[in-house]
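In what follows, a structure is listed as structure tokens, so that the remarks can point back to it.
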Amino acid sequence: MQSPHANACTGSGAIATARAILRTEGVLGFWRGLVPPLMGSTAYRGVLFSAYSAAFAACKDTPLAKPIPGSGGLAPAVVVGAVAAASARTAVETPLELIKVRRMLKQPWMTGSGVSSLFSVKQIMELYKGSSATLARSTGMLVTFFTLIDYTQRYFPVAIATPVVGPFIKGGMCTTIGWAVAWPAEVVKSRVQGDTTGALANKSTVSLIAQVARTEGLRGLYRGFAPGACRSFVANGASMVAFQFFQDLRS
């Protein structure tokens, strides 16, 4: 839905897009591009939590650990940790996202042939196409996510401590709100990574967001958000339940 190159989906809503995929590609079309995120999600999710914990811990006993006046107790360390997490996630996720998007659009992601071409400078640069948009998206989403997690843990400890339901709501709700903040950058990221014509090359994320807003309005900036939000709530809610389970098991 986000890509202007997906002709069958251009201008269509989520249901119409699903019907178009089913009609032209069959049931397997819904799983196109599954392998990269399936293989990489463990890595980038693990990296982002590790980066957050390390950066947050490094702020201990510094002014960054003190709450911001008037913020309800939010410490700058939370934001610092979130930015570190976004940077780490971007480094791991960008190539996987590009391959996923290209696979979904039936476009090539390799610049050459053979295993040796995978390690060429040209190929690496291609795999990191859209990294600035990915960083902007991840930063907006994760700063919102970790900030909301910090607030919910301090203001709603009983509800969040409820087995299964608490972690599911915390993970699903906080992440989905984060996606709502970051979705315009997500739309731009998908378009940049799906562009094989070079039309979007050398354009900043901010300018591309402004371009979409100018030509397509708010609807364009939030294209594909409904299915994205549904995916986010279920996937991240389940992830947080699993994360909490193993944290409790370890302790």
Side-chain angles (χ1 to χ4, degrees), residues 1-3 6 9 13-15 17-18 30 33-34 36-38 40-49 51-52 74 78-79 81-94 96-98 100-101 104 130-153 160 166-194 205-206 208-210 212-213 216-243:
M1 289 176 67
Q2 291 173 346
S3 175
C9 305
I15 295 177
T17 298
F30 292 110
L34 170 68
L38 186 65
S41 61
T42 300
Y44 69 69
R45 289 180 190 277
V47 164
L48 81 87
F49 279 110
Y52 175 84
L74 179 68
V78 174
V79 178
V83 172
S87 301
R89 173 170 174 158
T90 297
V92 176
E93 185 183 26
T94 301
L96 299 169
E97 278 290 292
L98 183 133
K100 181 192 77 173
V101 170
M104 285 179 168
S131 57
S132 60
T134 305
L135 179 60
R137 174 263 263 168
S138 297
T139 300
M141 190 267 287
L142 291 175
V143 167
T144 304
F145 169 74
F146 283 112
T147 297
L148 291 175
I149 290 292
D150 182 70
Y151 279 125
T152 56
Q153 288 176 335
I160 295 304
F168 188 90
I169 295 298
K170 180 174 70 172
M173 181 181 68
C174 293
T175 307
T176 304
I177 294 173
W179 275 117
V181 171
W183 201 258
E186 164 70 6
V187 170
V188 167
K189 175 207 74 73
S190 296
R191 294 191 178 191
V192 170
Q193 292 186 325
T205 301
V206 174
L208 288 172
I209 290 176
V212 174
E216 302 175 45
L218 186 64
R219 185 175 181 178
L221 290 174
Y222 280 87
R223 183 125 176 90
F225 179 70
C230 292
R231 179 201 68 174
S232 170
F233 189 80
V234 175
N236 291 291
S239 296
M240 188 59 72
V241 170
F243 178 78

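At a threshold of 4.0 Å, the pair Arg191-Glu216 counts as salt-bridged, since one of the basic side-chain nitrogens sits closer than that to a carboxylate oxygen.
Residues Phe145 and Ile177 are not in side-chain contact: their nearest non-hydrogen atoms beyond the backbone lie 4.5 Å or more apart. For the pair Leu221/Ile209, a side-chain contact is recorded, criterion being any heavy-atom separation below 4.5 Å from C-beta on. Side-chain contact between Gln193 and Lys100 is absent, with no heavy atoms from C-beta onward closer than 4.5 Å.
One N or O on the side chain of Tyr222 and one on the backbone of Ala180 form a donor-acceptor pair closer than 3.5 Å.
Of all heavy-atom pairs spanning Leu48 and Ala85, the tightest one is O-CB, 3.3 Å. Tyr44 and Leu96 get closest at one heavy-atom pair: CD2-CD1, 4.4 Å. Closest of all the heavy-atom pairs between Ala182 and Gly140 is CB-C, 4.1 Å. Across Thr94 and Gly130, no two heavy atoms sit closer than the pair CG2-C, 4.5 Å. For the pair Val212 and Gly220, the tightest heavy-atom approach, listed with the atom from each and the gap, is CG1-C, 3.7 Å. Taking both residues in full, the closest heavy atoms of Val143 and Ala82 are given as CA-CB, 3.6 Å, listed atom of the first, atom of the second, then distance.
Met1 CE to Met104 CE: the interatomic distance, rounded to the nearest 0.5 Å, is 12.5 Å. Here the straight-line distance linking atom OG1 of Thr147 with atom CG of Leu142 works out to 10.0 Å at 0.5 Å rounding.
For Ser232, the side chain to side chain contact (heavy atoms under 4.5 Å, CB included) partners two or more places apart in sequence, or in a different chain, are Thr175, Thr176, Trp179, Asn236. Glu93 meets the side-chain hydrogen bond (donor to acceptor under 3.5 Å, both in side chains) test with Arg89, Arg137; sequence neighbours excluded.
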Would you please test Ile169 and Phe233 for side-chain contact (heavy atoms from CB on, under 4.5 Å) and show each step? CA-CA 8 Å; Ile169 295 298; Phe233 189 80; 4.2 Å; yes
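Classified by interplanar angle (parallel below 30°, tilted 30° to 60°, perpendicular above 60°), the ring pair Phe49/Phe146 is perpendicular.
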